[in-house]
Structures are given as structure tokens and as C-alpha cells.
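Take a look at the structure set out below.
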Protein chains: 2
Amino acid sequence: MIKDLFNCEHGQRMTGDDRRKQILQTAVHLFSTHGFSGTTTRKIAEAAGVSEAMVFKHFSTKEDLYGAILHEKACEEGSHRFPWDSNEPLKEAIKNKDDFGVFYHIALHAMNKQQADVGFMRLMFFSALEDHDLAERFFTEFVSKVYDFIGGYVAERQKDGVMREINPRVVVRAFIGMILHHSLNNILWDKKQTLLKITNEEAAKNFAEIILHGVSINDPAN
Amino acid sequence: MIKDLFNCEHGQRMTGDDRRKQILQTAVHLFSTHGFSGTTTRKIAEAAGVSEAMVFKHFSTKEDLYGAILHEKACEEGSHRFPWDSNEPLKEAIKNKDDFGVFYHIALHAMNKQQADVGFMRLMFFSALEDHDLAERFFTEFVSKVYDFIGGYVAERQKDGVMREINPRVVVRAFIGMILHHSLNNILWDKKQTLLKITNEEAAKNFAEIILHGVSINDPAN
DNA sequence: GGCTCCTAAGTGAGTACTTACTTACCGAAT
DNA sequence: ATTCGGTAAGTAAGTACTCACTTAGGAGCC
């Protein structure tokens with residue numbers, strides 16, 4: 001495999017596997033920019049530089065192609081695993097019960113990832129709105145685990161007596177809300193950052209501080 | 001005009017105005033559930049109980065019909081004005097510089113409104129993803145004003161010496177993030193509330209507390 | 001009340017084009 | 001010579017949109 005990812009000038013002959021991957025990749029881009037019903041098999045074929053028949057040789061229906069994307073994206077997502085498995089500074093912070101570090105690195109990791117794969121985010125939203133099941137699967141297989149993990153951390157720190165009494169899942173909702181909202185602005189609503197122009201690092205720092213002070217035991221009686 | 005809103009059994013004759021409104025209403029529902037390209041003029045006509053020709057008598061193109069919806073929704077939104085103009089408890093809280101009251105009532109107002117008009121929210125997201133301009137207009141005409149207002153309030157309270165030094169717009173981003181994330185879960189991803197089942201009142205209370213403690217001057221030096 | 005007229009609500013059956021998907025066939029490489 | 005990547009040219013059903021035409025029902029008259 002000396003050929004680096006699809007060395008094609010369009011129209012070149014490829015192995016079935018390569019072509020399949022290339023069609024898939026092309027389809028991801030189109031589905032993520034125009035949604036399922038806004039994307040035609042013709043456009044996918046054109047963009048991939050093959051005839052429509054080739055698309056249907058590899059994927060028996062349009063729905064099937066969409067399903068393959070969801071599967072691939074889900075696996076890819078699965079292989080990256082959870083941030084607390086792969087992100088070293090985060091693992092370190094967790095071990096040391098460095099609360100700021102934990103929240104900071106979770107936020108930074110999430111925002112960087114979300115904004116690096118805009119296609120995935122758009123696919124997720126389209127899928128949720130159009131009621132395909134990527135969103136649902138991503139939700140049960142990833143998001144709920146995130147709630148468990150962060151919620152668990154908060155509960156632990158409550159037992160340690162450094163965080164005040166509050167439903168840990170509300171804390172997670174608030175925290176993920178900040179992160180997601182920031183990413184959504186940057187990739188969807190306010191790409192030019194007219195409302196707020198800060199780096200993900202700054203955002204992560206501020207969000208971590210807000211949530212930390214927000215749930216700290218130190219109650220500023222007023 | 002004794003007839004209350006479209007007193008029709010389907011197939012009855014209506015005035016042009018009533019029929020126009022009815023088609024529009026039907027179209028809002030369909031566009032908000034299936035998006036622009038996922039909704040056909042045929043389905044709209046069927047759902048409204050008229051022939052397709054009637055749809056095109058009232059709206060010269062499908063794009064035109066979509067535009068009319070955006071316009072209507074924008075105006076409707078405009079007439080409700082901003083929460084700080086119409087929500088009495090909020091106005092009261094602002095006057096008294098009751099910080100908790102301010103954040104609590106903004107959050108509650110927003111979440112109730114968002115979850116009451118799911119169609120509008122879905123339309124907004126479809127519009128943003130499909131790159132129509134409702135989202136953009138809503139953004140510049142509403143969201144940016146919200147940033148100005150809440151950001152302004154925070155800045156004022158910083159001058160008063162009760163909130164710590166932090167970019168007020170970051171506070172707004174964090175706070176709106178919590179609110180929006182909660183609504184999105186309730187209307188899109190987690191309708192059954194398996195992750196977190198709390199009332200909007202509880203959520204508003206918790207979010208307000210988190211943001212308040214989060215930006216309070218009272219620094220719990222860890 | 002009944003009668004006519006006329007506007008405007010409403011339609012059936014189209015048009016030109018696009019959609020997802022199929023079939024019959026080609027030619028390069030193993 | 002057979003396999004397999006690839007295509008041209010289909011099909012049937014759908015798409016947005018049009019047009020020639022039909023009818024309901026109110027205004028005005030008797």
C-alpha cells in the first residue's frame with residue numbers, strides 16, 4: 001500500500017475497498033452539509049468521480065450508505081474512546097483530584113474535537129432532526145457515559161466535602177451546555193466570532209472556573 | 001367573523017386569507033419536522049386538505065412559502081419582544097438588582113418558551129444547517145441583543161463590586177449554554193428525560209445558582 | 001324570499017425534470 | 001479467460017410548478 005489515500009486523478013481505477021472508502025468519505029461530506037434528503041445519489045457519484053451505478057454496487061440503497069456512515073463514525077468515535085481514557089493531562093488531573101484540571105481538560109478536549117470535526121457535529125444534528133438513529137446511538141453509547149463519568153466525579157468530590165450538595169447531573173448538564181454552546185457558535189451560528197472571540201483554551205479556563213466556583217462548598221452567603 | 005380559526009371540516013370553502021394562514025400553519029409543522037428538502041409541496045397540500053395548485057396560488061414557489069414562514073415566525077418572535085420587556089418578575093428583579101432573580105427568571109422564561117415552541121426550535125436548527133437565513137436573522141436580531149443585555153447586566157454588577165473580573169460575554173455564553181442544552185435535551189435528544197428529569201423551575205434555580213456562585217467576587221481560593 | 005351575475009376559491013390532469021435504483025455490457029489486470 | 005472495477009442508458013415513481021376549467025357563495029336586484 002504505497003499509494004497514499006486514494007492517489008486518484010478522478011476516473012482512475014481503484015480497488016473495490018478504496019473506492020468504497022472514497023464514496024463513503026464523499027457521502028459523509030455531502031450528508032453533513034445538506035442532510036439526508038438534501039443529498040442525492042447523483043451528487044455523491046459526481047463528487048466521487050464515478051457513475052451512480054458504482055454507488056449502488058457498494059451500497060445497496062441510499063439508506064444503507066447512510067447507515068454505513070453512521071456505523072463508521074460510531075466506530076471511529078468508539079476507537080478514540082473516551083477522553084478520560086486517552087487524554088493524558090486529564091488522566092493525571094483525575095488521579096490528583098485536581099478539580100480545575102479535570103474540568104479544564106474535559107472542556108478543552110471536547111471543544112477541540114467538536115470544532116475539528118464539524119462534519120460529525122452537523123451529521124449528528126441532521127440525524128437527530130431527521131430522526132435517523134445515529135443521534136440516538138451516539139447518545140446512549142457516548143453521552144450517557146459522559147454523564148455517568150463526570151457526574152460520578154462530582155459525587156465523589158461531594159463526599160470529599162469540597163463540593164456542595166447539588167444533583168451531580170445538573171452540574172454535568174450545565175457544564176456540557178457551556179461547552180456545546182461555545183462549539184455551536186463557532187461552527188454554526190457565529191463562525192466569524194462576532195459575539196465572542198476567544199480561544200478554546202481561554203473558554204475552557206473560564207468555563208472550568210465558573211463551574212468550579214459554582215459548585216464549590218464555599219458559599220458566598222449572598 | 002364569528003367563525004373561530006378555520007372552522008373547517010376539510011374540503012369546506014374558506015376565505016383566501018384563512019386558507020393562506022392554514023397552509024402556512026401546515027407548512028410550519030411539516031418543515032419543522034422534515035426540513036426544507038424533506039418536505040414536498042404535495043404533502044403540504046394533502047395535509048392542508050387542498051390541491052397542490054392552491055398552495056401555488058398563495059405562494060409562488062416553495063422557497064417563497066418557506067420565506068413567508070420565516071418572516072411570520074420572526075415577526076411573531078419580534079412581537080413577543082425580549083423577556084426583560086414583558087416578564088414582570090424579571091423586570092422587578094432587574095430593578096432591585098436581585099441577581100438570583102435575574103438569572104432565575106431569564107433561564108425559566110427561555111426554557112419555557114423554547115420547550116413550548118418545539119417547532120420553532122427545530123425550524124431554527126434546520127434553517128441553520130441548511131443555510132437558509134432564518135437562523136442568521138434570528139441571531140443578529142435576537143441573540144446578539146440577549147448577549148448585550150445580559151452582558152451589560154454582568155458588567156454593571158462588576159462595577160458594583162459584587163461580580164469578579166471576567167469577560168461578561170463568556171458568562172453569557174456559559175449561562176445560555178446551560179439553558180439551551182437543557183432545552184435541547186428535553187425536545188430533541190432525551191425527550192423521556194432518562195439522563196436528568198427535573199422541572200424547568202428546578203433547572204433554572206440550579207443554573208442561576210451555579211452561574212452566580214461561579215462569577216461571585218467571593219473567591220474560594222480552592 | 002328567489003333570481004342572476006361575477007368574483008374568487010378550488011381542482012384534475014397535465015409539464016418538464018429529478019429521484020433512487022437497475023440492467024446489459026465493456027475492458028484492464030491477474 | 002475470468003474476474004471485477006467501471007459505465008451508458010435505461011425505468012418507474014416523484015418532484016416543483018402550470019393551466020384550462022369548475023364551482024361556491026356573496027352582492028345587488030326584483
Side-chain angles (χ1 to χ4, degrees), chain A residues 1-3 5-28 30-31 33-70 126 130 132, chain B residues 1-3 5-28 30-31 33-70 126 130 132:
Chain A
M1 297 274 168
I2 297 168
K3 62 171 76 174
L5 298 167
F6 329 134
N7 62 342
C8 55
E9 292 302 308
H10 57 86
Q12 297 289 61
R13 221 186 154 115
M14 280 186 199
T15 67
D17 258 21
D18 279 356
R19 185 61 84 190
R20 196 190 133 96
K21 279 178 202 159
Q22 188 226 10
I23 291 172
L24 232 141
Q25 200 170 292
T26 309
V28 167
L30 289 173
F31 280 135
T33 50
H34 304 111
F36 183 77
S37 47
T39 302
T40 66
T41 52
R42 184 173 228 275
K43 285 252 170 67
I44 294 170
E46 256 170 39
V50 291
S51 69
E52 243 183 302
M54 275 307 292
V55 173
F56 287 99
K57 185 161 236 164
H58 288 287
F59 306 94
S60 63
T61 65
K62 186 186 173 188
E63 200 71 51
D64 193 57
L65 169 56
Y66 196 72
I69 288 175
L70 307 194
F126 265 123
E130 292 180 325
H132 283 98
Chain B
M1 297 276 166
I2 298 165
K3 63 170 78 172
L5 298 169
F6 329 136
N7 62 341
C8 55
E9 291 303 307
H10 58 85
Q12 297 289 60
R13 219 152 207 251
M14 281 185 196
T15 67
D17 258 21
D18 278 356
R19 186 60 85 189
R20 197 190 132 95
K21 278 179 203 159
Q22 189 227 9
I23 291 171
L24 231 141
Q25 201 169 293
T26 309
V28 166
L30 289 173
F31 280 135
T33 48
H34 304 111
F36 183 77
S37 46
T39 303
T40 67
T41 51
R42 183 167 227 276
K43 285 253 170 66
I44 294 170
E46 256 170 40
V50 291
S51 69
E52 243 182 303
M54 275 308 292
V55 173
F56 288 99
K57 185 164 232 164
H58 287 288
F59 306 93
S60 62
T61 64
K62 186 186 171 187
E63 199 73 51
D64 193 58
L65 169 56
Y66 196 71
I69 288 175
L70 307 195
F126 264 123
E130 291 180 326
H132 283 98

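Only heavy atoms go into these numbers, but all of them, side chains included; no hydrogens, no water, no symmetry mates. To find a chain, count down the sequence lines: A is the first, B the second, and so on, and within it residues start at 1.
Under 4.0 angstrom from either OP1 or OP2 of C:dA20 there lies at least one side-chain N or O belonging to A:T41.
Applying the side-chain contact (heavy atoms from CB on, under 4.5 Å) rule to A:K57 yields the partners A:M54; only residues at least two apart in sequence or on another chain are considered. In this structure, the side-chain contact (heavy atoms from CB on, under 4.5 Å) partners of B:F36, at least two apart in sequence or on a different chain, are B:F31, B:K62, B:E63, B:Y66, B:E130, B:H132. Partners of B:T41 under the side chain to side chain donor-acceptor pair (under 3.5 Å) rule, at least two apart in sequence or in another chain, are B:E52. Partners of B:T40 according to the side chain to side chain donor-acceptor pair (under 3.5 Å) rule, which considers only residues two or more places apart in sequence or in another chain, do not exist here.
Rounded to whole Å, atom C1' of D:dA16 lies 11 Å from atom CD1 of B:I44. Here the P atom of nucleotide D:dG14 and the NE2 atom of B:H34 are 16 Å apart, to the nearest Å. Here D:dA9 presents its C1' atom at 12 Å from CD of A:E52, a figure rounded to the nearest Å. Note: CD1 (B:I23) to C1' (D:dA16) measures 15 Å, nearest angstrom. In this entry the distance linking CZ of B:R42 with P of C:dC17 reads 21 Å, nearest Å. For A:D17 and D:dG5, the CG to P distance is 9 Å, given to the nearest whole Å.
Residues in residues 36-50 of chain B take part in these salt bridge (charged side-chain N to carboxylate O under 4.0 Å, His left out) pairs, two or more places apart or across chains: B:R42-B:E46.
Under the 3.5 Å distance criterion, the side-chain polar atoms of B:T39 are matched with a main-chain donor or acceptor of B:L30.
Among the candidates A:I44, A:T33, A:I69, A:L65, the single residue satisfying the side chain to side chain contact (heavy atoms under 4.5 Å, CB included) test with A:V28 is A:I69. Evaluated for a side chain to side chain contact (heavy atoms under 4.5 Å, CB included) with A:I23, the options A:R19, A:Q25, A:R20, A:K21 yield exactly one hit, A:R19.
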Distances under 3.5 Å between nitrogen or oxygen atoms of protein and nucleotides 27-30 of chain C:
unit_1, atom_1, unit_2, atom_2, d
C:dG27, N2, A:R13, NH2, 3.1

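Heavy-atom distances under 4.0 Å link DNA chain D to B:F56, B:T61, B:K62 of residues 54-67 of chain B, given in residue order.
Along DNA chain D, the nucleotide nearest to A:A53 and the one nearest to B:K43 differ in position, and the one closer to the 5' end is contacted by A:A53.
The residue B:S37 sits apart from the nucleic acid: no heavy atom pair falls under 4.0 Å.
Considering only side-chain atoms of A:T40, the nucleotide from D:dT15, C:dT19, C:dG10 that sits closest is C:dT19.
Between A:T61 and A:D64, the shortest heavy-atom contact is OG1-N, 2.9 Å.
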